[in-house]
> 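First the structure, which I've put down as structure tokens, then a few questions once you've had a look.
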Protein chains: 2
Amino acid sequence: MDAKNPVRTTEKTLTLIEELMTKEPCGVSELANDLEMGKSAVHNHLNTLRTHGYVLKEGDVYRLGLKFLEVGGHSRKSMEIYQIAEPEVKSLAAETGELANLLVEEQGMGVYLMRAKGDEAVDLDTHAGLRTSLHTTALGKAILANLSEERVETILDRHGLERKTSRTVGTREELFDVLAEIRERGYAVDDGERLEGLRCVASAITSSSGEVLGAISVSAPANRVSDEALHGALPERVLSAANVIELNINY
Amino acid sequence: MDAKNPVRTTEKTLTLIEELMTKEPCGVSELANDLEMGKSAVHNHLNTLRTHGYVLKEGDVYRLGLKFLEVGGHSRKSMEIYQIAEPEVKSLAAETGELANLLVEEQGMGVYLMRAKGDEAVDLDTHAGLRTSLHTTALGKAILANLSEERVETILDRHGLERKTSRTVGTREELFDVLAEIRERGYAVDDGERLEGLRCVASAITSSSGEVLGAISVSAPANRVSDEALHGALPERVLSAANVIELNINY
DNA sequence: GCAATCTGTTCTCTATACCGGAACGTTTAT
DNA sequence: ATAAACGTTCCGGTATAGAGAACAGATTGC
């Protein structure tokens, strides 16, 4: 939903920020061309952002500053789910030796709040703050399974059902079947749907009132996760960690 | 240095963001009062930010969204120093069992890029993105010691010499003495200057051309760091980790 | 070595759009 | 019931954003 009276100047600033994020260091003229803005406008916006620490100038090129990390880090730190889940996700990674993740939903997308690597963990490109479609990961599906069907429809309307690999769930019907299955057994599984050869087990974290707060997962290469483990020891661990988090959140 | 032709509308947006960071969830009227803006202006700005994911509305209150974490996470991930130092900082934490940190300088301030906790680590409030005066931490002093005297003066002119505890270095002269000492022995020490009872050892990370890229440290409670360790085993570990990082950066 | 063409920055002027203030519909408190 | 808050919408006067031109400096091509 768009704002009724959008502040166009602010939107230009935000467009500039997003362009800087994808292009990284670049100059005024390049940005002006790409965004079809005048050079003076780009220059004024960049320098306004610069005096506030959001943008840095190195020689003749501009790039994003760490102010965004400051604001983002502050937001994350103030989230109860992060404060409580953080040590548990780390334990989960240490105990399994694999990669553990914490995801929350925001505006219909999944946002990774953190990841923790065990000794043997694969190195995925999931850094804190990264966004992902909910239907493409076990984490996201664990969350979707705990939302109302109506809510899920709304999310799908907004973000669609983009495919990541040939195994990604392709239709709404298929997705709802998967979600029902997840609700039944209590955890979600990703068997190479997001990345070939990667297996992943996730569980939602819910408040005492049944509201979803987020999800945690363990990801490991298929050759280290037997079929038995995928539906036995691994989900047991993940569910246990989720349980501890839920207990701590509800005091 | 202020921009020549600042974009005032953008500045209002940024002010709003910073107010939201300190106040957390709050409504339109409260923000309008605090910032001496009209309600409609605040409303328009908030909703513009909202359609771009930077702000969320929960009921009748607004708060910052995780978009900032996305942008910040992206910036951090694209920094060479982070990519290379990350595993080493984690090792440092694991081996010492204490808290290890990575700091870089930006606009005369120190910015924590990450922290890693060992098994016994104290839990400080140093989260990723947090800013700190350079002269108040061992990390910052390790960086200052590798900057030109001129650069250091400029930074002090901009940010002053705020005291954190009674032990914080209080005058420029004192600071320059400390920095000379750091250059001589190769590492910086903080013995309760930032926080009573906390000892900290840090080393700068420099490129092959001698430019400072950042600094790493280990922090531990005084009762676990003997006077010998503070100038023996601990700096040895930190320096060794810094060395590995420097080697990896210069291929 | 000179001209041509980049670059980022500064300046001016006006069409634009930001936003104060008033009105609206709800919700909460008295 | 009444009042006082809230968030949201609307409108119109006016501050200002930004196109375009001109600038200085760097780099290029011939």
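When reading the values below, keep in mind they use all heavy atoms of this one structure, side chains included, and skip hydrogens, waters and symmetry mates. To find a chain, count down the sequence lines: A is the first, B the second, and so on, and within it residues start at 1. These figures come from a predicted structure and were not determined experimentally.
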> Below 3.5 Å is the cut-off: list the nitrogen or oxygen pairs between protein and nucleotides 14-18 of chain C, distance only.
residue	atom	partner	partner atom	Å
C:dC18	OP1	A:R8	N	3.3
C:dC18	OP1	A:T9	N	3.2
C:dC18	OP1	A:T9	OG1	3.1
C:dC18	OP2	A:P6	O	3.1
C:dC18	OP2	A:R8	N	3.0

> State plainly whether the residues A:E18 and B:K67 are in salt-bridge range, i.e. N to O under 4.0 Å.
yes
> As a test of understanding, state which of A:E58, A:E19, A:E24 forms a salt bridge (charged side-chain N to carboxylate O under 4.0 Å, His left out) with A:R63.
A:E58
> Using atom CE of A:M37 as one end and atom C1' of D:dG18 as the other, report the distance to the nearest whole Å.
8 Å
> Could you give the CG-to-C1' distance, from B:L46 to D:dG7, as a whole number of Å?
11 Å
> Quick test of your reading of the model: are A:E153 and A:R158 salt-bridged, counting only N-O distances below 4.0 Å?
no
> Could you check how far NE2 of A:H43 sits from P of C:dT9, rounded to whole Å?
3 Å
> Is there a donor on the side chain of B:K39 or the base of D:dG7 sitting less than 3.5 Å from an acceptor on the other?
yes
> Return the value, rounded to whole Å, for the distance between atom NZ of A:K4 and atom P of D:dT9.
5 Å
> Should B:E105 and B:R151 count as an ion pair when the cut-off is N to O under 4.0 Å?
yes
> Using the closest heavy atom to pick a nucleotide of DNA chain C for each, name whichever of B:G38 or A:N33 lands nearer the 5' end.
A:N33
> Looking at A:K23 and A:D34, is there a salt bridge between them, counting it only when a charged N and a carboxylate O are closer than 4.0 Å?
yes
> Using a heavy-atom cut-off of 4.0 Å across all strands, would you classify A:S40 as base, sugar-phosphate, or nothing?
base
> In whole angstroms, how far is the P atom of D:dA17 from the CG atom of A:L16?
15 Å
> Look at A:D177 together with A:R172 and state whether they make a salt bridge at an N to O cut-off of under 4.0 Å.
no
> Would you mind reading off the distance between A:N47 atom CG and C:dC11 atom P, rounded to a whole angstrom?
13 Å
> Counting just side-chain N and O atoms, does B:Y62 come under 4.0 Å of either OP1 or OP2 of D:dT8?
yes
> Backbone N or O of B:T206 within a donor-acceptor pair of the B:E246 side chain at under 3.5 Å?
yes
> Between atom CG in A:L31 and atom P in C:dT9, what is the gap in whole Å?
12 Å
> In whole angstrom, what separates B:E11's CD from D:dT16's P?
11 Å
> Less than 4.0 angstrom between a side-chain N/O of B:K57 and OP1 or OP2 of D:dT8, yes or no?
yes
